[in-house]
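Only one structure is covered here, and it is reproduced in the block below.
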There are 4 protein chains.
Amino acid sequence: MSPRTPAQNEEIRLASQEKILRAAFELIAQNGYESTSIAMIAKKAGVSKGLLYNYFDKKEDLVRALLEAAMREGDVMLRELMDDDASATLKNIFQWFFREMREQPHHWRLMAELSLKIDNLNIVRKFALGKLNEYVGLMENLLTRLGYENALGEARLIVALFDGIGFEALILKKDYPLDEMEAYLITKYCQEK
Amino acid sequence: MSPRTPAQNEEIRLASQEKILRAAFELIAQNGYESTSIAMIAKKAGVSKGLLYNYFDKKEDLVRALLEAAMREGDVMLRELMDDDASATLKNIFQWFFREMREQPHHWRLMAELSLKIDNLNIVRKFALGKLNEYVGLMENLLTRLGYENALGEARLIVALFDGIGFEALILKKDYPLDEMEAYLITKYCQEK
Amino acid sequence: MSPRTPAQNEEIRLASQEKILRAAFELIAQNGYESTSIAMIAKKAGVSKGLLYNYFDKKEDLVRALLEAAMREGDVMLRELMDDDASATLKNIFQWFFREMREQPHHWRLMAELSLKIDNLNIVRKFALGKLNEYVGLMENLLTRLGYENALGEARLIVALFDGIGFEALILKKDYPLDEMEAYLITKYCQEK
Amino acid sequence: MSPRTPAQNEEIRLASQEKILRAAFELIAQNGYESTSIAMIAKKAGVSKGLLYNYFDKKEDLVRALLEAAMREGDVMLRELMDDDASATLKNIFQWFFREMREQPHHWRLMAELSLKIDNLNIVRKFALGKLNEYVGLMENLLTRLGYENALGEARLIVALFDGIGFEALILKKDYPLDEMEAYLITKYCQEK
DNA sequence: TATGAATGAGCATTCATTCAT
DNA sequence: TATGAATGAATGCTCATTCAT
């Protein structure tokens with residue numbers, strides 16, 4: 001009889017958003033942004049198309065929310081990989097990256113897909129620029145502590161390497177030699193001396 | 001008035017296809033696959049939509065032809081960069097790559113866009129796999145001659161680096177430090193005493 | 001906590017309806033019927049969409065209530081303009097009409113908009129017919145007292161004139177010569193020797 | 001085998017546009033702009049929704065074309081009503097107007113409907129302003145020749161009268177005394193000694 | 001070989017209306 | 001009485017594709 005309390009509503013809202021975001025993530029990661037229709041997302045989420053627009057004003061907003069969530073997760077991960085020892089941290093990062101490539105190739109697919117849409121989806125650009133600089137900075141710090149002369153150059157190289165490997169693995173899938181690359185990189189960067 | 005000879009017809013066919021492919025290339029490279037309509041391509045090519053469907057059964061087929069042509073061009077380029085001196089060849093390749101990134105960023109955009117798009121099509125995967133192996137092989141040969149111990153690993157690394165730099169430069173555009181990267185890579189790989 | 005008395009409930013009901021009608025009036029007068037959503041009305045009225053449907057079963061019902069209220073207001077106005085002197089009354093009416101056109105053009109917009117909208121609904125037609133006859137009758141009475149021969153014809157003419165001026169002023173807004181028209185009509189109808 | 005000639009295509013195009021415009025006119029005149037969907041128009045015209053967009057880029061463009069056609073027709077009519085004798089011309093105009101109101105009430109409905117949309121459909125405004133001034137000018141000329149002192153004022157009055165009668169007749173339909181109004185106006189304006 | 005009129009499924013988005021609470 | 005989450009049909013519009021000529 002009496003209306004739902006604000007707290008109850010908030011809970012319901014969060015649950016619905018969660019369902020929608022999860023469905024959107026999987027579909028966009030699998031098929032790309034343009035090939036994923038609002039109808040598909042709603043269907044997979046088990047809600048009506050209309051409800052989706054209760055939470056996200058435009059299709060683009062869905063992507064923004066997706067990106068934000070993905071980046072937040074990435075940050076948490078990265079922080080957990082930190083170690084007092086620079087070499088150990090670097091190794092953790094390499095291992096984490098290759099594990100991700102194996103277990104969650106979707107994540108990378110989403111990022112790549114959206115990145116290409118930058119010209120059309122303006123939100124994406126800001127995210128990408130900030131994140132890239134953040135990763136390069138972090139890597140530079142590690143390499144400096146490891147005694148690299150041109151730590152910035154090598155940091156940029158490694159970050160680009162991640163992107164390149166991600167891209168190639170995305171396309172070649174099982175044909176890409178993830179194991180060999182991982183071993184080679186760890187040997188090269190973490191076994192100094 | 002008089003019927004065309006088979007030879008003339010063939011010539012016409014090739015010319016039409018050429019026009020269509022060039023138009024498609026420019027439009028897709030600039031705006032992406034989904035944002036480029038068949039109508040736009042036909043208009044830019046100066047042919048009718050109907051004619052376009054005479055040569056390519058589906059929009060996807062056009063894309064496949066585009067990819068093949070682009071990769072063929074890449075081969076021709078690569079062969080021209082060869083030099084008896086391994087170090088000089090490597091430098092040529094680096095310089096060519098960075099020049100391309102500066103002058104024809106669209107090319108890379110097209111390759112990335114299309115690769116993601118038809119990543120399900122096995123033809124593309126096999127194509128990409130072959131190309132990647134070819135590039136890695138070539139690079140491995142160069143690095144072996146330059147005395148690298150694990151030439152294969154380093155070759156894979158460099159090829160992935162190309163992809164990664166291409167990807168990042170595509171996103172960051174003017175914000176990406178192409179010059180610094182080029183200098184750093186040449187110093188690192190081509191100045192070995 | 002304690003249950004509301006029936007009288008209190010009735011009071012609350014009336015207050016809510018009043019809020020809703022006022023909000024609907026302003027929004028529809030400004031933006032038109034189709035461009036005004038139930039959500040907008042509920043928001044402006046400070047009530048929930050659900051409550052709105054407690055009082056009005058359909059959007060159309062809201063409109064009907066609006067029309068009735070507007071016409072009731074018109075009646076009250078008209079009565080206040082009456083004067084023992086027919087010429088003075090006529091002048092009052094002209095002046096009131098032009099003042100309304102200047103200060104509340106939205107009112108007219110609403111009436112015109114809604115009249116066209118539900119022109120199929122017989123209720124509205126009967127309503128409008130009654131009103132028109134009432135106005136014509138009143139005007140005929142005035143003109144008879146002023147000595148017009150065909151008072152009925154001239155009364156119909158003047159009432160149609162009001163509608164026509166209202167319509168044109170609605171469209172031309174600042175471009176419509178309200179002042180000249182007012183002066184001309186008063187001179188023509190109220191300065192008779 | 002050989003493609004259609006440009007002339008053939010033009011003919012086909014004109015026929016299709018004609019069908020679409022006719023359907024749009026009838027539906028919009030009957031139900032109003034917002035209540036007439038593109039789908040309804042296409043269905044009534046017997047063409048696909050897609051084809052409609054081959055000829056009109058937006059729904060608004062359809063209205064523009066409709067207005068233009070209606071106004072062109074109106075102009076032709078008016079010119080035919082002209083007579084060397086001002087009084088005869090005026091009578092012709094009155095008679096034509098009332099005949100139209102009886103036989104083609106849709107025309108008026110369309111104009112009224114669209115006029116109210118002026119704020120949203122910008123095209124309409126220009127048309128309305130120009131046309132109104134044109135009609136007032138024409139009427140002023142006639143009345144001047146008939147010896148009216150304030151011909152401009154009376155011209156404005158008559159034009160507004162047309163609009164007012166049109167509006168009221170639109171709503172009251174058969175209940176509006178078109179015959180009496182016609183007789184009264186002709187007596188009043190055209191029987192001057 | 002070549003044209004472009006025509007199709008229709010599909011898309012993002014809106015909104016009146018319902019209903020569990 | 002009151003809420004707002006949820007629905008789903010409808011809308012304007014796009015576009016790959018077909019086909020008569």
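A, B, ... follow the sequence lines: proteins, then strands. Residue 1 opens every chain.
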Fill in: Set of residues satisfying salt bridge (Lys or Arg N to Asp or Glu O under 4.0 Å) with respect to B:E34, sequence neighbours excluded
B:K117

Discussion item. I want to check one thing: is the phosphate of E:dT17, taken as OP1 and OP2, less than 4.0 Å away from some side-chain N or O of C:K59?
Written reply: no

Discussion item. Test of understanding: with side chain to side chain donor-acceptor pair (under 3.5 Å), list the residues that count as partners of A:N9, not counting sequence neighbours.
Written reply: A:R4

Worksheet item: Does A:E73 have any side chain to side chain donor-acceptor pair (under 3.5 Å) partners at least two apart in sequence or in another chain, and if so, which?
Response: none

Fill in: ring-ring contact (aromatic ring centres under 6.0 Å, His included) involving D:F25 - partner list, sequence neighbours excluded
D:H107

Discussion item. Under the rule for side chain to side chain donor-acceptor pair (under 3.5 Å), what residues qualify as partners of A:K49, not counting sequence neighbours?
Written reply: none

Fill in: Close residues, residues 12-25 of chain B, relative to DNA chain E [heavy-atom separation under 4.0 Å]
B:I12, B:R13, B:S16

Discussion item. If the condition is side chain to side chain contact (heavy atoms under 4.5 Å, CB included), which residues does A:A70 pass it with, not counting sequence neighbours?
Written reply: none

Response to the item:
Taking Watson-Crick and G-U wobble contacts under 3.5 angstrom, with | marking pairs to another strand and [ ] crossing pairs, the secondary structure of DNA chain E is written .||||||||||||||||||||

Discussion item. Which residues pass the side chain to side chain contact (heavy atoms under 4.5 Å, CB included) test with C:S37, not counting sequence neighbours?
Written reply: C:A39, C:M40

Item to complete: Only pairs at least two apart or in different chains count here, so list each salt bridge (charged side-chain N to carboxylate O under 4.0 Å, His left out) that has a residue in residues 5-14 of chain A.
Response: none

Worksheet item: Contacts to DNA chain E from residues 42-56 of chain D, heavy-atom cutoff under 4.0 Å, which residues?
Response: D:V47, D:S48, D:K49, D:G50, D:L51, D:N54, D:Y55

Item to complete: Could you note down all residue pairs passing side-chain hydrogen bond (donor to acceptor under 3.5 Å, both in side chains) where residues 15-26 of chain A supplies at least one of them, sequence neighbours left out?
Response: A:E18-A:R22, A:E26-A:K44

